[in-house]
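Here is the structure we will look at.
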Amino acid sequence: MALRSERQHFRLSSARGFTFMELLIVMTVIAILATIAIPVYNTHIRRAKEVVLQQNLYEMRRAIDNYTVDKEQAPQSLQDLVSAGYLRAIPVDPFTKSADTWVTEMESEPPSPDVPAGIKDVRSGAEGVGTNGIPYSQY
């Protein structure tokens, strides 16, 4: 009878928790998975920001073109696009996290002498190179 209770006691005491070695193995597996997952996650976040940047530039360029055709002169600033209703707001650059860092390229000469030169193109003011090898300032 005493032998039986010792076996039951041994089973109960060994079934109460994990050993240090089991915890160490689990922590090692988690660390390996995190080492793989974090760079992949960061790459996806960067790529998503690049897509947002491209979409914002496309929308602003389209608004500049529409404004120029409708008003027969290019806008003098990005705020003109908002004031005229071509954009709801100036988009935020996803890399600089600011709407004030857009770089505008002005027309070299106005279309006619009585019309002032306006915005011809817009680019990002962000530094760095995209995953496609093109600098953000050239998107």
Side-chain angles (χ1 to χ4, degrees):
M1 200 64 152
L3 187 58
R4 185 178 222 185
S5 67
E6 284 181 28
R7 285 184 186 165
Q8 287 175 343
H9 177 69
F10 179 72
R11 278 191 217 147
L12 290 176
S13 66
S14 67
R16 287 187 185 162
F18 297 106
T19 65
F20 177 72
M21 188 56 77
E22 290 170 330
L23 290 174
L24 187 63
I25 291 170
V26 169
M27 295 301 286
T28 303
V29 169
I30 290 172
I32 291 170
L33 290 175
T35 303
I36 294 168
I38 290 172
V40 170
Y41 172 76
N42 288 337
T43 301
H44 284 291
I45 294 297
R46 182 175 170 200
R47 183 67 186 127
K49 286 182 179 182
E50 289 175 2
V51 170
V52 169
L53 174 63
Q54 289 171 342
Q55 184 64 33
N56 287 347
L57 288 169
Y58 172 80
E59 291 298 326
M60 286 191 293
R61 288 170 178 159
R62 191 179 73 162
I64 290 169
D65 291 343
N66 290 340
Y67 182 100
T68 303
V69 169
D70 292 346
K71 308 279 186 187
E72 297 180 357
Q73 70 178 25
Q76 301 301 304
S77 69
L78 294 177
Q79 189 59 43
D80 289 349
L81 299 172
V82 176
S83 300
Y86 289 88
L87 293 174
R88 287 187 181 187
I90 299 172
V92 173
D93 186 321
F95 289 100
T96 62
K97 297 181 176 69
S98 174
D100 299 331
T101 57
W102 298 110
V103 177
T104 55
E105 183 181 328
M106 303 302 274
E107 296 173 319
S108 58
E109 49 185 75
S112 66
D114 56 334
V115 176
I119 297 174
K120 180 173 81 172
D121 197 10
V122 63
R123 300 199 181 279
S124 174
E127 295 180 6
V129 178
T131 54
N132 57 2
I134 299 171
Y136 297 131
S137 61
Q138 294 180 12
Y139 271 33

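Atom OG1 of Thr104 is separated from atom CG of Leu78 by 6.0 Å, given to the nearest 0.5 angstrom. Note that the CD atom of Gln73 and the CD atom of Glu107 stand 9.5 Å from one another [nearest 0.5 Å]. One distance of note links CG of Leu24 with OG1 of Thr19; it measures 9.5 Å at 0.5 Å rounding. Here Thr43 contributes atom OG1 and Ile38 contributes atom CD1; the two are 12.0 Å apart, rounded to the nearest 0.5 Å. For the atom pair CG (Leu81) and CZ (Arg62), the distance works out to 11.5 Å, reported to the nearest 0.5 Å.
Minimum heavy-atom separation, Asn56 to Pro94: ND2-CD, 4.1 Å. Between Ser124 and Ala126, the shortest heavy-atom contact is OG-N, 3.0 Å. Among all heavy-atom pairs drawn from Arg47 and Thr131, the shortest one is CD-OG1, 3.8 Å. What you find for Gly118 and Ala74 is that their closest heavy atoms are CA-CB, 3.7 Å. Between Arg123 and Ser137, the shortest heavy-atom distance links the atoms CD-O, 3.0 Å. Nearest heavy atom pair, residue Ala31 against residue Thr35, reads O-OG1, 2.7 Å.
Side chains of Glu59 and Pro91 form no contact here, defined as non-hydrogen atoms less than 4.5 Å apart.
Cluster annotation: Met60 and Val52 are assigned to distinct hydrophobic clusters (Ile/Leu/Val/Met/Phe/Trp/Tyr, side-chain heavy-atom contacts under 4.5 Å, transitive). A single hydrophobic cluster is seen to contain both Phe20 and Ile25, as judged by linkage of ILVMFWY side chains at heavy-atom distances under 4.5 Å, directly or through other members. Follow the hydrophobic side-chain contacts under 4.5 Å out from Met106 and you reach Tyr67 in the same cluster. Under the 4.5 Å side-chain heavy-atom criterion for ILVMFWY residues, a single connected hydrophobic cluster contains both Trp102 and Ile134.
In this structure, the side chain of Arg61 does not engage the main chain of Asp121 through any donor-acceptor pair within 3.5 Å. Here the side chain of Gln138 pairs no donor or acceptor atom with the backbone of Pro135 at under 3.5 angstrom.
Tyr136 pairs in a side-chain hydrogen bond (donor to acceptor under 3.5 Å, both in side chains) with only one of the listed residues (Lys49, Glu50, Glu127), which is Glu50. With Tyr86 as the fixed residue, the side-chain hydrogen bond (donor to acceptor under 3.5 Å, both in side chains) test singles out one of Asp80, Asp65, Asp70: Asp70.
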Determine whether Ile90 and Val82 satisfy the following criterion, side chain to side chain contact (heavy atoms under 4.5 Å, CB included), listing intermediate values before the conclusion. CA-CA 7 Å; Ile90 299 172; Val82 176; 3.7 Å; yes

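A salt bridge links Lys120 with Glu105: the distance from a Lys NZ or Arg NE/NH1/NH2 to an Asp or Glu carboxylate oxygen falls below 4.0 Å.
Side-chain N/O atoms of Asn132 and Tyr139 include a donor and acceptor closer than 3.5 Å.
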